[in-house]
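Accompanying notes for the structure given below.
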Amino acid sequence: MQLPADYHMHTPLCRHATGEPVDYARRAVEIGLTEIGFSDHSPMPQDDFDNWRMKLSQLDEYVGKVRQAQKDFPQLTIRLALEVDYFPNGEDWIRELAALHPWDYFIGSVHYVSDSWAIDDPQKLSEWKNRDSFEVWKIYFERLTQAAESNLFEIIGHADLPKKFGHRPPQPYAPLYEKFLDAAKKSGCAIELNTAGLRKDCQEIYPSRDILKLAFQKGVPITFGSDAHAPGEVGLNFAEAISLARGAGYQESCRFIRRKCERVTF
Ligand SMILES: [Zn+2]
Ligand SMILES: [Zn+2]
């Protein structure tokens, strides 16, 4: 069986990951992956926007590190990508980033439900107490839907991130994510099975089985990602992710070359 590509991994430039791209690549080869992609947190127009991403001036260094890993591990296919934060009205910046390098794909992620609050930031965990949980989930999926509609991304990242710290979704839940999946189908963007959720309080892959089942029914394609922030996390829990995907009906995932999709069976 061919393991699917691990399309979500970070580098120390984001200031909360360890190990160089060559170390991630070495680990990928060790565990039998044939393709990976680096998708570190993209810079924002202002370098002090937050403290968990590279600066704009480091973008060339990032690309250089990925190119070095490609040179050192010719037996491994290594894609060049970014995990980009989606903000309503932030589309121009994303287009600017897209023009700077020959990217293979962009993962569009919603971490921020306002200009200042990233719901997954452990340092801002107490903010959950000040918010109505239903509102947070609702805004999250509205933004995720806009991200899918924007045509700026090949992949939408960790599609039910608000569960990270164990905050369960409101009921009824399906109306919140159904629109998002319709938008993903319409624009042709994939969703990722992100195994990092298994390492968080929620102890679940992103997204949930229910979301994934509906995604399959609607014909939304998938990718796989460990969201590795250390070399030891590369490809972690892919067996569980594959079994979740198969259980939902999937037999194919996407790979991206210069922002074009190819389907591969897994
Ligand atoms: Zn991160
Ligand atoms: Zn993320």
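Between H158 and Y206, the ring-plane angle classifies as perpendicular under the 30° and 60° cut-offs. Between Y173 and Y177, the ring planes lie perpendicular to each other; the angle is over 60°, past the 30° to 60° tilted range. Ring geometry for Y140 against W137 counts as perpendicular: the plane angle is over 60°, on a 0 to 90° scale with 30° as the lower cut. Ring geometry for W128 against W117 counts as perpendicular: the plane angle is over 60°, on a 0 to 90° scale with 30° as the lower cut. The aromatic rings of F87 and Y112 lie tilted to each other, with the angle between the two planes from 30° to 60°.
Looking only at atom types and distance, the side chain of E83 has a donor-acceptor partner in the side chain of H111 under 3.5 Å away. Q70 and R67 share a donor-acceptor pair across their side chains, judged by distance under 3.5 Å alone. The closest side-chain donor-acceptor pair between Y86 and E91 falls under 3.5 angstrom. Under the 3.5 Å distance criterion, with hydrogens and angles disregarded, no donor-acceptor pair is assigned to the side chains of E149 and S187. Looking at H16 and H41, their side chains do bring a donor and an acceptor atom within 3.5 Å of each other.
Contact of the E20 side chain with the T11 side chain is not registered, since no non-hydrogen atoms from C-beta on lie closer than 4.5 Å. Side-chain contact between L193 and T223 is absent, with no heavy atoms from C-beta onward closer than 4.5 Å. Inter-residue side-chain proximity for P43 and L97 is flagged as met; some heavy-atom pair is nearer than 4.5 Å.
Hydrophobic cluster membership of F256, counting Ile, Leu, Val, Met, Phe, Trp and Tyr whose side-chain heavy atoms lie under 4.5 Å apart directly or via other members: Y7, Y105, I107, I155.
No donor-acceptor distance shorter than 3.5 angstrom exists from the side chain of D201 to the backbone of G166, with no hydrogens or angles considered. Remark: the backbone N or O of S42 is paired with a side-chain donor or acceptor of R53 at under 3.5 angstrom. The backbone N or O of M9 lies less than 3.5 Å from no partner atom in the side chain of D227, so there is not a single donor-acceptor pair. With hydrogens and angles ignored, the 3.5 Å screen pairs a side-chain donor or acceptor of K164 with a backbone N or O of D120. Side-chain atoms of N237 do not come within 3.5 Å of backbone N or O of A239 as any donor-acceptor pair. A donor-acceptor pair under 3.5 Å is absent between the side-chain atoms of S109 and the main chain of V84, judged by distance alone. Under a 3.5 Å cut-off, the side chain of D47 and the backbone N or O of K55 do not form any donor-acceptor pair.
The shortest non-hydrogen separation linking A17 to H10 is CB-CB, 4.1 Å. Closest non-hydrogen pair, F73 versus V29, comes out as CD2-CG2, 4.0 Å.
Hydrophobic cluster membership is shared by L212 and L214, with clusters built from Ile, Leu, Val, Met, Phe, Trp and Tyr side chains linked at under 4.5 angstrom.
Atom CG of N194 sits about 13.0 Å away from atom CD1 of I156, to the nearest 0.5 Å. For the atom pair F106 CZ and C189 SG, the distance stands at 14.0 Å (nearest 0.5 Å). Rounding to the nearest 0.5 Å gives a distance of 13.5 Å between CD1 of I257 and CG of L80. Rounding to the nearest 0.5 angstrom, the gap separating the CD1 atom in I191 from the CG atom in L181 is 6.0 Å.
Counting non-hydrogen atoms of other residues, nucleotides and ligands closer than 6.0 Å to CD of E96 gives a total above 12. Annotation: N130, atom CG; neighbour count of heavy atoms from other residues, nucleotides and ligands within 6.0 Å is above 12. Dense packing is recorded around CG of D132, with more than 12 heavy atoms of other residues, nucleotides or ligands lying under 6.0 Å away. For Q75, the CD atom sits in a packed shell: over 12 heavy atoms of surrounding residues, nucleotides or ligands are nearer than 6.0 Å.
Residue pairs meeting the salt bridge (charged side-chain N to carboxylate O under 4.0 Å, His left out) criterion with at least one partner in residues 255-266, sequence neighbours excluded, are E35-R255, E154-R259, E252-R263, R255-E262.
Under 4.0 Å is where a charged nitrogen must lie from a carboxylate oxygen, and between R27 and E233 no such pair does. At a threshold of 4.0 Å, the pair E204-R168 counts as salt-bridged, since one of the basic side-chain nitrogens sits closer than that to a carboxylate oxygen. With salt bridges taken as basic N to acidic carboxylate O contacts below 4.0 Å, none links K179 and D182.
For D160, the side-chain hydrogen bond (donor to acceptor under 3.5 Å, both in side chains) partners at least two apart in sequence or on another chain are K163.
In this structure, the ring of F266 has its center less than 6.0 angstrom from the ring center of F224.
Shown are R131, K129, K124; of these, the side chain to side chain donor-acceptor pair (under 3.5 Å) with E127 is made only by R131.
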